[in-house]
Amino acid sequence: MVNHKLPYDQTSATSIEAYSKTLLNQSLREVIGEKVNSYQGKGKLGQLIEELFFYYKPNSNAAPDFPEAGLEVKTSPLKKLKNGDIASKERLVFNIINYQEEYKNDFYHSSFLLKNQLLLLMFFLHEKEKSDIDYTFKIIKLFKFPEKDLLIIKQDWGKIIEKIKAGKAHELSEGDTLYLGACPKGANRNTLRTQPFSEVMAMQRAYSLKSKYLNYIIKSSLDDAAVKDVEVLRHKTFEDIIIEKFIPFYGKSIKEISFKLNYSISEAKSSIYLLTKEILGVKGKFIEEFEKADIQLKTVRLETTGSLKESMSFPQIQYQEIILEDFLDSAWYEMITKKFFFVIFQKNEKAELILKKVMFWTMPYEDIKIAEEFWMDTKAKVLNGEFDNFQRITDNRKFHVRPKGANAQDLMPTEKYGLQKKKSYWFNASYVKEIINKQ
DNA sequence: GCATGATCATGC
DNA sequence: GCATGATCATGC
């Protein structure tokens, strides 16, 4: 071992695990910086991690990577499925099976178990367009096979050994076994080895864990993470936790944020709204809580000067319903009395949108009074057929009504006045500015 | 520069 | 198929 002080205790699995977790949600390049460029060798991410992160030379020893800790390090890729779920990208490959030796031992003295009894699993998200050193690590954990899984793996191992003993190593197939497979390993299918009980050359194979088995590990790890989030709730408020999700992105451009999240920004006008949902974790625990609490998510775009170009739109006015409603049971009342969560972006000199801050807000009582007058006025005009005479932004009463439809021909039926253009409730831009400057 | 009308991609 | 969140485009 090189003679400099390691940032972890190589005799302790938990110390190694703790150190390895500094890579969580980061890429190798982000963690070790420019050193990565000075690396001359070529290799897969796993080898780079060994050499540049753990500071040991990759080897092919029969012992685990950290012999004193009895710990084997395994890096493995994840992929994102179309539905947004995360799954294993490929099987996890272990040591090559030495047909000439392996059958001489029992399972508990097998090369597989001696080397892989305790694993440090490091799952990263594989993304086609990125290079190895830019993949983000998503799951890092110590892993020991649960007892009942180990029994199946023992049976799997037994099946592999049976074939070797029967002189049929060349007939080994991954379909023989359940969790532990014997997968081809070599430059190509013609990488062959001798076997002890037959003259036939057998394809070189290594032990491997099947993708499906990894998915089980992955899923339970992600569930663990959700459980930890719940643990956190005991100590912090829901609002604090949400805000903390955004703080790492403060000062970052939407381009940087989406890159970090491995999310491609849409072409929609609501693109930063969609990006914001991504930060919240669309599939995660929190968006669920967010939705349960019926929080109104709104994004705000500030110009470089801090002014707002646009007012804030709300759902359309249902002309046939508003005339039947009282203020307190109106759709509008329901909208404005929600808890709001504002995500505020601001343009910089280069016209990039930068995340400035986030904030929770509820409408103060005096504004609800104003909103009530606005709604009463709107309802009266719908009743009277004054569809072009709603409260305007120039009335300077915090709210106004404006068109909102697919186009000018997008109409909606009314009780007495035929089809009318679809229109919505809006917060005046000046009102939004007042809200966000208060905090 | 701003009010107002018009429109668009997305997701359910 | 259509509402939604949001921004674009025009004209004064």
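So that the names make sense, note that chain A is the first sequence line, chain B the second, and so on, each numbered from 1.
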Rounded to whole Å, how long is the line connecting atom CH2 of A:W426 with atom C1' of C:dA3? 14 Å

Would A:F53 and A:Y55 count as a ring pair (Phe, Tyr, Trp, His ring centres under 6.0 Å) if you check the C-alpha gap in whole Å, the side-chain angles of each, and the deciding distance to 0.1 Å? CA-CA 6 Å; A:F53 183 71; A:Y55 308 105; 7.7 Å; no

Hey, is A:K260 close enough to A:E256 for a salt bridge, meaning N to O under 4.0 Å? no

Nearest whole angstrom, please: distance from the C1' of C:dG5 to the CZ of A:F427. 14 Å

For A:K422, answer base if it contacts any base atom (sugar-phosphate contacts may also be present), sugar-phosphate if it contacts only those atoms, and nothing otherwise; contact means non-hydrogen atoms under 4.0 Å. sugar-phosphate

Partner set under salt bridge (Lys or Arg N to Asp or Glu O under 4.0 Å) for A:E310, not counting sequence neighbours: none

Quickly, which of A:F390, A:F374, A:W375 forms a ring pair (Phe, Tyr, Trp, His ring centres under 6.0 Å) with A:F399? Name it, please. A:F374

Can you tell me the distance, in whole Å, between the CG atom of A:L275 and the P atom of C:dG5? 17 Å

Starting at atom CG of A:D410, determine the distance to atom P of C:dA3, rounded to an integer number of angstrom. 7 Å

Distance in angstrom units between A:Y425 OH and C:dA3 P, rounded: 14 Å

Separation of B:dT4 C1' from A:L308 CG (nearest whole Å): 17 Å

Salt bridge or not between A:K80 and A:D85? Use side-chain N to carboxylate O under 4.0 Å. no

Residue A:N407, side-chain heavy atoms: nucleotide from C:dA6, B:dT7, C:dT7 that is nearest: B:dT7

Whole-Å distance separating the CD atom of A:Q409 from the C1' atom of C:dG1: 18 Å

Distance-only donor-acceptor check, side chains A:E278 and A:Y263, under 3.5 Å: no

Which residues in residues 246-260 of chain A have a heavy atom closer than 4.0 Å to any atom of DNA chain C? none

Who pairs with A:K212 by salt bridge (Lys or Arg N to Asp or Glu O under 4.0 Å), at least two apart in sequence or on another chain? none

Select base, sugar-phosphate, or nothing to describe what A:S266 touches, counting heavy atoms under 4.0 Å on all strands. sugar-phosphate

Could A:K379 and A:Y319 be counted as a cation-pi pair, given that NZ or CZ must be under 6.0 Å from the ring centre and within 45° of the axis? no

Which residues within residues 391-403 of chain A lie with some heavy atom under 4.0 Å of an atom in DNA chain B? A:R392, A:I393, A:T394, A:R402, A:P403

Do the ring centers of A:F249 and A:F246 come within less than 6.0 Å of each other? no

Report which part of the nucleic acid A:A408 touches: base, sugar-phosphate, or nothing (heavy-atom distance under 4.0 Å, all strands). sugar-phosphate

Phosphate-side-chain proximity, A:Q296 and C:dG5, N/O vs OP1/OP2 below 4.0 Å: yes

Tell whether A:K404 reaches the base of B:dT7 with its side chain through a donor-acceptor pair below 3.5 angstrom. no

Polar-atom pairs under 3.5 Å, protein N or O versus N or O of nucleotides 9-12 of chain C: list them with distances, or write none.
none

Sugar-phosphate, base or nothing in reach of A:S311, heavy atoms under 4.0 Å: base

Contacts of A:F342 that satisfy ring pair (Phe, Tyr, Trp, His ring centres under 6.0 Å) - sequence neighbours left out: A:F340, A:W361

Taking for A:K309 and for A:F314 the nucleotide of DNA chain C with the nearest heavy atom, the one nearer the 5' end belongs to A:F314

May I ask you to establish whether A:K115 and A:Y207 are in a cation-pi arrangement, using a distance under 6.0 Å from NZ or CZ to the six-membered ring centre and at most 45° from the ring axis? no

Separation of C:dT4 P from A:K277 NZ (nearest whole Å): 13 Å

Between A:Y333 and A:D326, do the side chains contain a donor N or O and an acceptor N or O under 3.5 Å apart? no

